[in-house]
Amino acid sequence: MSKLVISDLHASVNGRMILNGVDLEVRTGELHVLMGPNGSGKSTLSNVIMGNPKFRVESGGILLDDLNVLAMKPDERARAGLFLAFQEPVEISGVNVFNFLRTAASKVSKEPVNFSELKKRTTEYFKEVNLSENFINRYLNEGFSGGEKKRFELLQLMLLKPKIAVLDEIDSGLDMDTLKTVGELVRNSLKATGLLVITHYERIMDYIKPDFIHIISDGKIVKTGGIEILKAVKEKGYEQYRV
Amino acid sequence: MQKQRIEMDYSRYDFKNPTEYELKFEKGLSEEVVERISKLKNEPDWMREFRIKAYKFFKNRPVPQWGGNLNDINFDDIIYYMKPIKGKVDRWEDLPEDIRSTYDKLGIPEAEKKVLSGVEVMYESEVVYNRVKKELDDLGVVFCDTDTAVRKYPELVKKYFGKVVSSNDNKFAALNSAVWSGGSFIYVPKNVKVPMLLQAYFRINAASMGQFERTLIIVDEGADVTYLEGCTSPVYSNDSLHAAVVEIVALKDSHVKYITVQNWSSNVYNLVTKRAFAYENAFVEWIDSNMGSRLSMKYPSVFLMGRGARANTLSIAFANRGQHQDTGSKMIHLAPDTSSTVTSKSICVGGGRTSYRGLVKVVKGAENVKSAVRCDALILDDDSQTDTYPYMEVDEDNAITTHEASVGKVGDEQLFYMTSRGIPEQEALNMIVLGFMNEFIKELPLEFAVEFNRLIAINMEGSVG
Ligand SMILES: Nc1ncnc2c1ncn2[C@@H]1O[C@H](COP(=O)(O)OP(=O)(O)OP(=O)(O)O)[C@@H](O)[C@H]1O
Ligand SMILES: [Mg+2]
């Protein structure tokens with residue numbers, strides 16, 4: 001049982017304040033949805049949680065159980081059990097997918113990973129996320145379609161089994177069938193993980209069945225509730241939550 | 001990405017122990033020195049005359065003022081001939097600790113370490129060597145050091161020696177022609193496909209891994225050979241000048257692949273003339289790496305002499321602090337239906353400098369030529385520098401020549417992506433750099449590829465601040 005606690009988090013990029021006091025708690029087994037207008041700071045929050053050096057934390061704190069996350073480098077955070085599925089995964093030419101997965105898995109898991117066992121496991125995950133096995137021999141995200149990138153992010157979530165994961169728009173640009181597959185797999189991963197799912201769409205809710213929905217506006221969480229919030233958003237938009 | 005700091009200290013490779021020589025000339029070069037070298041080697045007159053003539057060319061030619069800075073070379077401060085008693089030091093234990101640990105990091109097996117570091121002369125055991133030797137003999141393949149070849153195969157050597165790279169080709173080829181010692185000689189008879197990789201290791205004489213080595217490879221019609229020179233371990237040398245010449249004659253329908261893996265210590269000027277003649281339908285490949293050294297100037301070239309000949313250069317250059325890699329390739333299309341590709345990958349870090357300098361030439365009458373040049377550079381910090389100097393001289397309208405160049409920086413977002421998966425920044429950077437070199441590494445025999453990966457990791461040490 002793990003817990004990520006974000007308290008009064010203020011963060012900036014290039015001298016511009018983006019997060020203006022975010023408070024949020026996510027526990028193993030909980031599924032939180034974060035929604036809000038474009039530019040409200042969702043990806044910024046994700047990046048700050050994972051430790052992207054581009055963003056500067058001005059004040060506030062992030063704790064993973066008793067660990068001070070803000071004092072850790074991104075790789076240390078990953079090894080401590082944090083994960084981020086990127087909104088826009090970068091392409092890295094020359095870095096082989098399997099080699100990357102193997103390296104990541106061996107860093108994150110506490111035990112040494114067995115090569116053939118890992119290969120078997122990844123092959124199964126590729127099937128589950130509906131990506132061809134051939135992706136194993138490709139370069140990292142290079143030439144992947146939008147939907148393929150999302151599915152590959154999901155695969156990494158399944159492989160690395162983090163304590164807390166942030167999924168930044170993992171449902172954007174997916175076709176209907178894939179959306180269902182992805183949604184169900186996300187739901188499945190809850191057994192071992194606490195999730196913060198960022199999305200713009202209602203469609204995925206049926207599959208992921210959120211426990212909490214948070215609305216973010218201007219870098220602050222302005223409303224928290226259950227699935228009923230969706231209806232209000234649908235009818236009156238985010239404008240009603242403006243502070 | 002934060003500014004990167006490079007703590008790689010190449011001086012630790014520099015060789016400090018005194019070495020004993022059976023014979024060692026005084027510093028400096030003169031016609032008399034050249035005469036003495038020839039005499040010591042008991043060479044035929046033609047070779048002695050070849051050397052003397054070359055010496056005159058060398059004397060008369062100015063130091064080139066393009067490429068890297070060569071003006072600091074003091075030709076009077078160099079010993080042009082020496083014959084070590086054996087290896088470079090007597091005992092493995094006598095090597096500086098740093099050097100020994102580098103070998104350990106490279107993961108080179110115990111037995112090989114001693115040879116590579118110059119402690120022992122033989123790489124393979126006598127048994128393995130003799131087995132390979134016998135296999136080659138049975139095929140009629142000649143593989144020996146060039147000094148031996150001059151004595152044992154005078155006809156062959158005389159016919160081709162200095163014909164691909166003339167003794168007046170450039171100042172350093174002239175120097176090599178005057179004072180050369182060692183190097184490999186290979187002759188592959190008609191239609192023989194050499195079934196194993198020929199490695200410079202197999203030469204019995206360590207002295208042949210010299211400063212002024214001279215390699216000549218003749219691949220007869222329809223024959224096929226792959227040759228690999230060098231090793232990943234740093235070449236420790238007091239000698240600041242390495243001026244080698246490699247000549248390849250690829251006759252009709254033959255294929256030759258020449259792989260170089262070298263890692264020079266930081267005081268070395270590495271000035272090598274490598275050239276091949278590719279006759280009708282022959283295929284020549286240069287797989288070339290440039291690591292270490294103070295300055296490397298090396299432009300493997302192919303003269304496509306016969307219809308349908310093909311050539312391919314795949315090279316990588318890695319420049320760290322205080323290093324300049326001025327490298328590239330020349331493809332000279334002299335016949336119709338010939339094609340060439342050049343792929344050059346360079347990486348600079350810690351204030352290092354890489355330059356691509358290449359030439360594609362298509363003469364009048366060489367119709368339907370295809371040539372594609374691609375140069376990719378990766379810069380790891382703001383102190384480092386890379387440039388490209390691609391030259392094209394095309395005198396045939398229907399030639400298809402392309403040149404693509406890219407300069408990349410390792411993106412902060414790339415590093416963040418990889419570190420967010422638990423991979424430490426330095427390792428992530430190494431993976432990206434190795435990925436960038438992947439095309440080259442794929443060409444190496446497996447055990448070399450593994451060593452090469454480690455070598456890059458060592459060279460990248462401290463590149464993350
Ligand atoms: N490097 C940067 N320099 C300046 N402003 C930036 C930078 N990165 C992000 N921003 C700004 O920060 C704000 C928040 O961006 P963020 O990506 O967090 O929004 P988001 O909520 O994820 O939006 P979307 O729904 O479109 O993904 C935006 O106004 C954006 O332009
Ligand atoms: Mg976003």
Side-chain angles (χ1 to χ4, degrees), chain A residues 43 46-55 72-110 113 137-142 149 152-153 155-157 159-162 165-166 168, chain B residues 1-4 314 316 318 343-347 374-380 404 406-444 446 449-450 452-454 456-457 460 464-465:
Chain A
S43 295
S46 318
N47 275 276
V48 170
I49 292 172
M50 207 62 229
N52 188 338
K54 193 168 91 176
F55 297 90
M72 299 158 79
K73 292 182 186 162
D75 55 303
E76 293 166 340
R77 297 183 194 198
R79 294 198 294 273
L82 290 179
F83 180 87
L84 167 62
F86 286 78
Q87 182 175 353
E88 282 160 16
V90 284
E91 307 199 353
I92 307 180
S93 187
V95 174
N96 170 275
V97 163
F98 186 67
N99 189 25
F100 169 74
L101 292 177
R102 188 168 55 129
T103 310
S106 74
K107 297 293 173 191
V108 166
S109 79
K110 302 290 170 274
V113 293
N137 302 316
R138 288 176 68 170
Y139 292 146
L140 195 49
N141 293 321
E142 193 181 60
K149 282 182 181 155
F152 185 61
E153 294 294 292
L155 180 140
Q156 293 176 64
L157 168 74
L159 181 71
L160 300 177
K161 303 203 186 337
V166 182
D168 194 357
Chain B
M1 189 161 48
Q2 286 157 325
K3 197 160 148 67
Q4 293 169 349
L314 173 56
I316 58 143
F318 188 108
T343 308
S344 156
K345 300 251 173 188
S346 71
I347 290 165
R374 207 181 88 224
C375 312
D376 297 325
L378 191 64
I379 309 184
L380 297 188
E404 289 174 54
S406 77
V407 177
K409 283 195 145 196
V410 175
D412 298 345
E413 294 303 318
Q414 292 182 323
L415 277 179
F416 177 57
Y417 187 86
M418 292 184 72
T419 53
S420 81
R421 301 306 188 234
I423 304 169
E425 192 172 340
Q426 179 75 68
E427 249 183 278
L429 195 57
N430 291 358
M431 283 174 80
I432 292 172
V433 166
L434 284 170
F436 178 77
M437 295 188 184
N438 194 35
E439 254 171 282
F440 169 82
I441 295 171
K442 272 196 309 214
E443 290 290 334
L444 299 181
L446 187 64
V450 172
F452 196 83
N453 286 359
R454 295 204 193 99
I456 294 296
M460 293 286 295
V464 169

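Quick note: numbers below take in every heavy atom, side chains included, and nothing from hydrogens, waters or symmetry partners.
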Given a strict heavy-atom distance threshold of 4.5 Å, which part of [X] is in contact with chain B: side chain, backbone, both, or neither?
{"X": "Phe100(A)", "value": "both"}
{"X": "Lys73(A)", "value": "neither"}
{"X": "Val108(A)", "value": "side chain"}
{"X": "Pro89(A)", "value": "both"}
{"X": "Glu91(A)", "value": "backbone"}

Any chance you could measure [X], atom [atom1], to [Y], atom [atom2], to the nearest 0.5 Å?
{"X": "Tyr417(B)", "Y": "Glu153(A)", "atom1": "OH", "atom2": "CD", "answer": "3.5 Å"}
{"X": "Ile92(A)", "Y": "Leu415(B)", "atom1": "CD1", "atom2": "CG", "answer": "8.0 Å"}
{"X": "Ser420(B)", "Y": "Asn47(A)", "atom1": "OG", "atom2": "CG", "answer": "9.0 Å"}

(Q) Need one label for Glu439(B): side chain, backbone, both or neither, based on atoms under 4.5 Å from any heavy atom in chain A. (A) neither
Q: Can you tell which part of Met418(B) gets under 4.5 Å to a heavy atom of chain A, answering side chain, backbone, both or neither?
A: both
Q.
In the structure I gave you, are the side-chain heavy atoms of Leu160(A) and Arg421(B) within less than 4.5 Å of one another anywhere?
A. yes
Q.
With a 4.5 Å cut-off on side-chain heavy atoms, are Glu413(B) and Asn52(A) touching?
A. yes
Q: Report the C-alpha distance between Thr103(A) and Met431(B) in whole Å, list the side-chain angles of each, state the deciding distance to 0.1 Å, and finish with yes or no for side chain to side chain contact (heavy atoms under 4.5 Å, CB included).
A: CA-CA 10 Å; Thr103(A) 310; Met431(B) 283 174 80; 3.7 Å; yes
Q. How close do Thr419(B) and Ala78(A) get, heavy atom to heavy atom, and via which atoms?
A. O-CB, 4.2 Å
Q.
Consider side chain to side chain contact (heavy atoms under 4.5 Å, CB included). Of Asn141(A), Leu140(A), Val90(A), Val95(A), which one does Gln414(B) pass it with?
A. Val90(A)
Q. Salt bridge between Lys107(A) and Glu425(B), side-chain N to carboxylate O under 4.0 Å?
A. no
Q: Evaluate the criterion ring-ring contact (aromatic ring centres under 6.0 Å, His included) for residue pair Phe416(B) and Phe86(A); output intermediate values, then yes/no.
A: CA-CA 11 Å; Phe416(B) 177 57; Phe86(A) 286 78; 5.6 Å; yes
Q) With a cut-off of 6.0 Å (strictly less than), are more than 12 heavy atoms of other residues, nucleotides or ligands near CD of Glu142(A)? A) yes
